[in-house]
Amino acid sequence: MSATFTDHQAALRDEVKKLLTDGSIKGFIGYARGRDSYHPVPAIVTRPDQVDGLILDQFSIFGLTKYLLDYIFEDGKMGIVVKGCDALGLGRLINDHRVDRNKVHVVGLPCAGVLNGEKVAKLGLGKVQRVTDKGSAFLVEGDKGSKELPKTEYLWDKCLWCENHNPAGADTLLGSEVENVAMKPRDFSDITALEKMPSAERAAFWTRQFSRCIRCYACRNVCPACNCRECVFDIADPRWVGNTVKLSEQQMFHFTRAFHVAGRCVDCGECERVCPMEIPLMKLQRKLQKDVIELFGNPKPFVPSEVEVLGQFRVTEDPEEFM
Amino acid sequence: MSVNEKAAPAAGPATNPTTATPAPEGWEPKIIGFACNWCTYAGADLAGTSRIQYPPNIRVIRVPCSGRINPQFVVRAFQRGADGVLVAGCHPGDCHYSTGNYFARRRYLLAKRFIEYLGVEPERLQVRWISGSEGQKFADTVRELTEKLRALGPQRRLRETL
Amino acid sequence: MLLTITADNLKSLLDKLARDSLLVAPVLEDGVTRLKPVKAASEIALDYSNTATSIKDFLFPQSEDLLRFVTDGTLSIEEIKPERAQVAFGIRPCDLASVALMDKVLTTGEYADTHYQARRKNTVLIGLACESPADTCFCTSYGYNPGHSAGADVMLYKDGDQYLAEALSDKGREVVGGPGEGLFKPADEAAGQAVKKAYAEKEVPFGKEVDVEGIDQLLDNFFDDQYWDDVSKKCLGCGTCTYVCPTCHCFLLTDEARGGEGLRFRCWDSCMFANYTKMAGGHNPRPSKKERVRQRFMHKLNYYPHRYHSYLCTGCGRCVAMCPVGLHIAGVIKDVKGVKAHA
C-alpha cells in the first residue's frame, strides 16, 4: 500500500507555486481535469494563479515529456511532472540531445501503477471522490458507487510489467519511493501469436489495421522517441510518404514510423493510447523490442542509453545470416 | 523460410498471400539491387567481365556503403514495382569505412523480420555480403533470388497503384 | 406520410441496397465502429452512439482522384468523375446536419465543387435517430436534437422492435417505393408523431452544459486575447480533431507523376499541421500552435457564422471524445464564456 497520486496533489501545487513565484521556472507541465474524472489532460501553466487548476489523480497516464520540445529555443527552465515511464521518455529526449537537462526542473512522481481510465469509466461509478491503494487493488469511490479494482485488471498493460516505478534523477520527489517490482514478467505472447499466424492471415490483419489509419499523426506527435528536427513525413521533397490514404502509403507510413524508433522506443505505449482509430501500434513496437532482445542480447532496449541498439554493433556476437 | 521462427521446419513451398490472382502472361520478376561501391558493385562488374551468365532481372543501384541503405529505400522499391530487393555490401571486416556493414547487419536483421511480420514474404528481401572477387557469388545470388521470386509471383502487397 | 418497417424487413431492404449500389453503414471492427462499405446487412453493427468517423468520408473523401494526365509529346487529360451511386445507412442527426453545413461551403456561391456536388447527387442518406446519446454529445446546444431529420432522404426512428420511417425527399421516396416496395407499412399517424416527439425531446446531458448562445459575437473582439496563448500550449499538433470532424473541409491539391503519367488528387489537410500554411519561400503566417488553434475555433464559431449564419459544428462530440489532450470545441466555448464573464 502506498500513497496515491491524489495524496501528492497539494504538495505538487505548493512546489509549482514556489518555483513559479521565485522565478526558477517559467512554466510547468502537469495535468488538469478533463471531460470527466477518468480523462485528465495535459496542462501547461505559466502563472501562479493558474496553479490551482493542476491536478494529480490515479488516472494521470499522459506522458508529458514531448512538450519540452516546444521550449528548447527559449530561455529559462520548464518544470514537468514525470512518472517512472515518463522519466524514460525524458531520458530519450536528453540522450538524443534534444532537451537540455539543465533547462528542466523534474518533479518526480513515484508510481504504483496508473488506472486505465477507459476501462474504469465504463463501470459507471460517476464522479470519482477518492482512490485508495489497497495493495493488490485500487478502491475507487465515486458518487454513484464504489468498487475495488484489482490492479492486474484495471491498470494499463505497461504498468503490469513496469520496472521503473520511481523516476530516476528527479530534482524534487513527491513523497517517498515505492517498491519497484514488476507485477508480472514482460509478456510477448501476443507478438509470438501474430508471428505464428499464417502469412496471409497476418497480412490481412495488418491491412485491416492500417486501412483504419486517418494519418492524423497523433502517434508521432506524442512519442518522445519521434523527436527529429524535421520529420520525414513533413518533408515535401523528396516526398517519402504520399498524402493519399492508399494502403501502400499507409504501410509505408507505419513501417517508417515504427522502424525509425526501433531500439529507441521507451515502451510508454502513448502512440497506441492516443490513436483515435485504436490501431494496435505497440504490436509493431513490441515486435521490434522482442527482436532486439533476442538478436542483440540487450535485455532492456527501452531504457535509454548513450548509444542505442542500432547505433552500435558487436563484431562476432551479432548473428550472421547474410553470408 | 520464416525468419521469425527460430527452429523452422524444412521449408515447404513458399506461400504468397498476394498472388491470389496469377502472374500475368510473360511476367518477369523485377529486382532492385543496392550494391556497395567498394565490394558488391565490383563483384557485379567481375561477373560481367568474366562473362558469367545471370538473369537480367536485376537493376543495380550503386551506393557508397551497405550502411547507406535505409530500409525505407527497400520499402520504396517494393512500392514502386520491385518484386524483390537485394541489399549487398562488403563482408564483415572488409568495409571500406571499417564499420558500415556492421550497422547494416543489425538494421537488416531487424528489418527482414519486421517486413515478414507485416505480411510480406521475407524471401523478397535478400541481404548478402559479396566481395569484389566474388563475381560467381553475385551471379548465383541473383539467379537464386530470381528463381524464388518466380515461385512467389508478383509482389502486390506493398505495391502502389497510381 | 409516416411508415413502419420491421427489423427483418429493414435487413432485406439493406441487403437489396447493398446488391444494387454501394452501401455504406456502421461496422464494428477491432473495437471501433465506423462507416464502411458493406456487402450485406449482416455486417452492420447497430449498437453505437456515433461512428468514429463521419459521413464526410464518403461525400468528401480523405483522398479523391480528380484527373489523370499523360504526357507523351502531347498532353491528354482525363477527368475522373464520381459517378457511382451510394446509399449511406445509419447516419446520425448530427452528421445529417453537418451535410447541410458542408453544402453551404461546397455548393453555393460563385464556385461549386463539382466532385462534391456529384457525390451529393449520387448519395442517398438514410438517417437513424439516436436512442442513447453519448456523454460527449451536445447537438442540442446548436438547436439540433436526437431526432433531427433535416438532410436525410429517409429517416428511421427505432420504436421497440420495429422502426418508424419517413421519406423526406424524392430520392428517399424512390428507395421506399423502389427497393423498399412491400417492406414498409403505413404507420398510425398520431403514434408516429409521438415517437418523433419523444426522440426530439430526448435528453442530451452534455448539451445542457454547453451554451453556445452569442459565442460568435463574444469572439468578435477575442482574436488577441491571452486565452489563445494559454489554451494552445497543450495542443499536440495532430490532425485528429479536423479529420474526425464532420464539418472540417480544408484540403490539399497535389499531382503525382511517374514518368509521363500522372494523377491529380485532393486530400484532406489540417489547419492543425504546421505545414498547412507554409508557403513556398518558407514563410508561415501561422507559425505557432497559438495561431493554428485560434484559427480552427474562430473558423467554426466566428468566421463561418458571419458568412453563413450558422455555427460550423453540430455537437457530434467526436473531438470531445478523441482529442488526446482534451482541447475541444465544447471546452473552448465554456472557457471563452468564462473569460468574458470575468472580463
Side-chain angles (χ1 to χ4, degrees), chain A residues 27 29-36 38-47 50 53 62 64 66-67 69-71 118 121 124 205 208-209 211-223 230-231 233-236 239 242-246 249 270-271 273-280, chain C residues 29-34 36 52-53 57 61-65 135-136 206 209 226 229-244 251-254 256 263 265-270 272-275 278 280 288-289 317-328 330-331:
Chain A
I29 308 168
Y31 300 95
R33 194 183 147 82
R35 63 182 150 101
D36 56 26
Y38 308 100
H39 299 88
V41 295
I44 297 159
V45 297
T46 50
R47 299 185 303 273
Q50 296 171 311
F62 206 105
L64 303 166
K66 192 71 181 285
Y67 284 111
L69 287 186
D70 290 347
Y71 303 93
E118 302 296 332
F205 171 81
R208 202 173 74 230
Q209 306 302 329
S211 60
R212 261 202 324 272
C213 176
I214 56 171
R215 292 277 282 284
C216 66
Y217 299 130
C219 49
R220 172 194 69 175
N221 290 9
V222 79
C223 172
E230 190 169 19
C231 175
F233 305 127
D234 289 339
I235 299 171
R239 181 108 219 146
N243 285 310
T244 48
V245 286
K246 286 185 285 206
E249 304 286 11
E270 286 293 272
C271 50
R273 192 185 60 80
V274 299
C275 178
M277 294 297 128
E278 301 188 27
I279 301 170
Chain C
E29 180 186 278
D30 300 301
V32 185
T33 305
R34 62 186 185 124
K36 255 186 88 170
T53 48
D57 289 24
Q62 182 154 14
S63 55
E64 178 169 32
D65 298 342
D135 55 6
T136 50
F206 192 47
E209 290 179 38
Q226 164 83 35
D229 281 285
D230 293 344
V231 75
S232 63
K233 285 195 168 76
K234 69 174 174 182
C235 177
L236 204 57
C238 74
T240 304
C241 53
T242 51
Y243 285 180
V244 299
F251 63 87
L252 174 77
L253 210 55
T254 324
E256 252 181 39
L263 183 68
F265 62 91
R266 82 161 152 216
C267 55
W268 294 350
D269 203 344
S270 169
M272 294 291 117
F273 294 156
N275 277 4
K278 196 170 171 188
S288 74
K289 292 196 282 193
R318 289 187 178 90
C319 57
V320 182
M322 290 193 222
C323 172
V325 301
L327 173 45
H328 51 76

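FYI, side chains are in, hydrogens and waters are out, and symmetry mates aren't considered; it's all heavy atoms of this structure. Labels below follow one simple rule: chain letters A, B, ... track the order of the sequence lines, proteins then strands, and each chain is numbered from 1.
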Close side-chain approach of C:Leu236 to A:Tyr67, heavy-atom, < 4.5 Å: yes
Among A:Leu64, A:Asp36, A:Val245, A:Val274, which residue has the highest count of heavy-atom pairs closer than 4.5 Å to chain C? A:Val245
Which heavy atom of C:Tyr243 sits nearest a heavy atom of A:Ile214, and at what distance? CD1-O, 3.0 Å
Residue part contacting chain A, namely of C:Arg34, when any heavy atom lies under 4.5 Å: side chain
Test side chain to side chain contact (heavy atoms under 4.5 Å, CB included) applied to C:Asp230 and A:Gln50, step by step: CA-CA 10 Å; C:Asp230 293 344; A:Gln50 296 171 311; 3.5 Å; yes
Contacting moiety of C:Val32, where chain A heavy atoms sit under 4.5 Å: side chain
Rounded to the nearest 0.5 Å, what separation is found between the NZ atom of A:Lys246 and the CD atom of C:Glu256? 5.5 Å
Interface moiety of C:Ser288 toward chain A, non-hydrogen atoms closer than 4.5 Å: neither
In terms of heavy-atom proximity below 4.5 Å to chain A, should C:Phe273 be classed as side chain, backbone, both, or neither? side chain
Count the heavy-atom pairs under 4.5 Å between each of C:Ala330, C:Ala321, C:Gly331 and chain A, then report the option with the highest count. C:Ala321
Should A:Arg215 and C:Trp268 count as side-chain neighbours, where that means a heavy-atom distance under 4.5 Å? no
Cut-off 4.5 Å, heavy atoms of chain C, and the answer for A:Arg208 is both
Pair count under 4.5 Å, heavy atoms only, with chain A: among C:Thr254, C:Asn275, C:Asp30, highest is C:Asp30
Under a 4.5 Å heavy-atom cut-off, does chain A meet the side chain of C:Lys36, its backbone, both or neither? neither
Taking A:Ile279, A:Asp234, A:Val45, A:Thr46 one by one, which has the highest count of heavy-atom pairs under 4.5 Å against chain C? A:Asp234
Tell me, out of C:Thr240, C:Thr53, C:Asp229, who's got the most heavy-atom pairs with chain A below 4.5 Å. C:Thr240
Assert top hit (heavy-atom pairs under 4.5 Å, partner chain C, pool A:Gly27, A:Pro42, A:Ala32) equals A:Pro42
Would you mind reporting whether C:Val320 and A:His39 have side-chain heavy atoms less than 4.5 Å apart? no
Need one label for A:Gln209: side chain, backbone, both or neither, based on atoms under 4.5 Å from any heavy atom in chain C. side chain
Of the backbone (N, CA, C, O) and the side chain (C-beta and beyond), which part of C:Cys235 lies under 4.5 Å from a heavy atom of chain A, both, or neither? backbone
Which region of C:Cys238, side chain (C-beta onward) or backbone (N, CA, C, O), has a non-hydrogen atom less than 4.5 Å from a non-hydrogen atom of chain A, or is it both or neither? both
Does some side-chain heavy atom of C:Gln226 sit less than 4.5 Å from a side-chain heavy atom of A:Arg47? yes
Would you call A:Asp70 and C:Lys233 a salt bridge, using N to O less than 4.0 angstrom? no
Engaged part of A:Tyr31 at the chain C interface, taking heavy atoms whose separation is under 4.5 Å: neither
Listed by chain and number, what are the side-chain hydrogen bond (donor to acceptor under 3.5 Å, both in side chains) partners of C:Asp269, not counting sequence neighbours? none
Side chain, backbone, both or neither of C:Leu252 within contact of chain A (heavy atoms, under 4.5 Å): side chain
Among the listed options A:Glu270, A:Lys66, A:Arg212, A:Arg273, the residue most often paired with chain C at heavy-atom distances under 4.5 Å: A:Arg212
Work out which heavy atom in C:Met322 is nearest to a heavy atom in A:Pro276; give both atom names and the distance. SD-CB, 3.7 Å
Structural part of C:Ser270 lying under 4.5 Å from a heavy atom of chain A: neither
